[in-house]
Number of protein chains: 2
Amino acid sequence: MRAELIDAAERLIYEGGYPAVTSRTLAEKVGLKRQIVHYYFKSMDEVFIAVVRRAAEKMRAAVAEAAASPEPLRALQELNRDPQGAILSMELHALANRRPAVREEVAKAAEEFRDLQTEILTRLLEQQGVEPAMRPVVAIVLLSSLAQVLALESAIDVSRGHAETLEFVDECLRAFAQGQPTPLETSAPTPAEASRRRRKAAAATSPD
Amino acid sequence: MRAELIDAAERLIYEGGYPAVTSRTLAEKVGLKRQIVHYYFKSMDEVFIAVVRRAAEKMRAAVAEAAASPEPLRALQELNRDPQGAILSMELHALANRRPAVREEVAKAAEEFRDLQTEILTRLLEQQGVEPAMRPVVAIVLLSSLAQVLALESAIDVSRGHAETLEFVDECLRAFAQGQPTPLETSAPTPAEASRRRRKAAAATSPD
DNA sequence: GTCTATACTTCGATAGAC
DNA sequence: GTCTATCGAAGTATAGAC
């Protein structure tokens with residue numbers, strides 16, 4: 001029953017954000033009276049903390065699975081891009097802002113998630129013997145930030161630039177998986193181009 | 001007075017998120033009774049819509065100022081990185097999720113903000129005559145997503161990878177402003193390196 | 001375990017006095 | 001414009017019956 005309530009709380013967060021999780025709505029989800037919540041949880045804070053802990057466990061399992069997949073980076077990105085996961089993460093972050101007891105749990109889970117992802121990428125780079133264009137943790141921060149914001153925007157029907165950005169990131173990941181230069185690296189200017197570019201820039205800032 | 005209430009609402013959002021904005025807290029902020037809110041606004045939805053509209057106006061002015069600055073891209077990034085602005089944006093996004101009337105306003109403002117930023121970058125690229133490594137809108141999505149997530153995480157004392165990522169992005173912007181190749185482009189492999197890299201990757205996936 | 005009953009608080013919103 | 005008064009609804013939480 002406790003597990004069922006945690007499930008219900010998570011579903012309510014997807015549907016209406018964390019404010020939608022109350023003793024009343026929670027009990028309704030499992031077909032009981034609202035006082036039942038206080039039998040299984042000392043307070044609503046405990047409900048949310050339980051949600052965070054269970055989400056953290058699921059996350060650990062999902063990351064481990066991604067690490068074992070043939071394309072770990074792509075698997076990780078799918079994990080980050082999961083709309084429900086992104087929304088849950090955002091809501092818990094927002095909730096953490098005004099529930100000190102929850103904040104600690106969320107912060108711990110967020111840092112653990114980032115560390116686990118960074119470790120996977122680091123190992124991947126070592127295996128491929130590639131000198132990375134950016135530190136692993138930087139790539140992880142960029143990829144997960146992007147995924148989270150896109151999910152949040154999609155939820156309110158904002159999609160400006162999404163398709164282009166996803167296409168670009170996918171292209172980068174695909175190139176990386178095949179050991180080829182990414183679109184970014186491909187566009188590196190030759191020394192001649194670079195110096196021409198510098199002259200142009202200088203001319204633009206001091207046109208006289 | 002109406003303007004004062006909108007001010008107060010914005011401040012309350014910074015302090016405790018959008019749920020902290022109620023007729024009671026709002027009236028307290030301006031030293032009046034809570035019924036005053038319903039005199040100036042038909043409903044709480046209207047309060048939030050007013051907040052969004054005023055934020056959108058401020059945003060337009062700030063973007064115009066950034067466009068006129070000597071380093072528009074850096075100015076834009078400072079704008080995106082503003083912790084208060086990022087938090088306000090996140091809260092309004094979350095609020096938009098469960099208030100249809102608010103959603104429309106937030107979506108409109110978000111798309112306008114993205115378009116304005118993209119236009120600036122596009123013009124900048126044309127001026128410099130640079131063939132960009134990614135489409136302008138992609139760069140804007142990446143930069144603003146990063147800024148928003150970092151701000152949200154900072155608020156709950158999560159900072160894993162922040163310093164490294166900001167350093168990396170700053171380096172890219174600095175290089176761009178000076179018309180030099182970015183750290184990403186600098187690390188482009190020579191043809192010899194690229195082929196060595198491809199062999200390594202192939203060996204890793206089929207070790208036999 | 002689950003219920004009824006209850007207490008207290010806060011919310012949004014309206015009506016009407018001054 | 002700002003107030004008092006009031007409403008119904010919803011929130012958290014506790015006590016105690018079954």
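Numbered from 1 within each chain, the chains take letters A, B, ... in sequence-line order.
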Atom pair distance, as rounded to whole Å: OH in A:Tyr40 and P in D:dT12: 18 Å
Side-chain N,O (A:Arg24) to OP1/OP2 (D:dA10) below 4.0 Å: no
Atom-to-atom span, CD of B:Glu46 to P of C:dG12 - whole angstrom: 14 Å
Length of the line joining A:Met1:CE and C:dT2:P, which is rounded to integer Å: 6 Å
Any B:Tyr39 side-chain N or O less than 4.0 Å from OP1/OP2 of C:dT14: no
Rounded interatomic separation in angstrom, taking CZ from B:Arg99 and C1' from C:dC11: 11 Å
base_contact_polar (D:dT6 base, B:Arg34 side chain, donor-acceptor, <3.5 Å): yes
Nucleotide D:dC18, atom C1' - distance to NZ of A:Lys33 in whole Å: 16 Å
Spacing between B:Met44 atom CE and D:dA9 atom P, to the nearest angstrom: 20 Å
A:Glu104, CD atom: more than 12 neighbouring heavy atoms under 6.0 Å: no
From B:Ser145 atom OG to A:Leu143 atom CG, the distance as rounded to the nearest 0.5 Å: 11.0 Å
Closest nucleotide among C:dG12, D:dT4, C:dT6 to the A:Gln35 side chain: C:dT6
Geometric class of the B:Tyr18/B:Phe48 ring pair [parallel <30°, tilted 30-60°, perpendicular >60°]: perpendicular
Gap between atom NZ of A:Lys29 and atom CG of A:Leu5 - 0.5 Å precision: 12.5 Å
Sidechain-backbone polar pair: A:Arg34 side chain, A:Ser23 backbone, donor-acceptor under 3.5 Å: no
Integer-rounded Å distance: C:dT14 P and B:His38 NE2: 7 Å
Atom-to-atom span, CD of B:Glu4 to C1' of D:dG1 - whole angstrom: 13 Å
Phosphate OP1/OP2 of D:dA10 contacted by A:Thr22 side-chain N/O (<4.0 Å): no
Sugar-phosphate only, base, or nothing, as touched by A:Ser23 at under 4.0 Å among non-hydrogen atoms: base
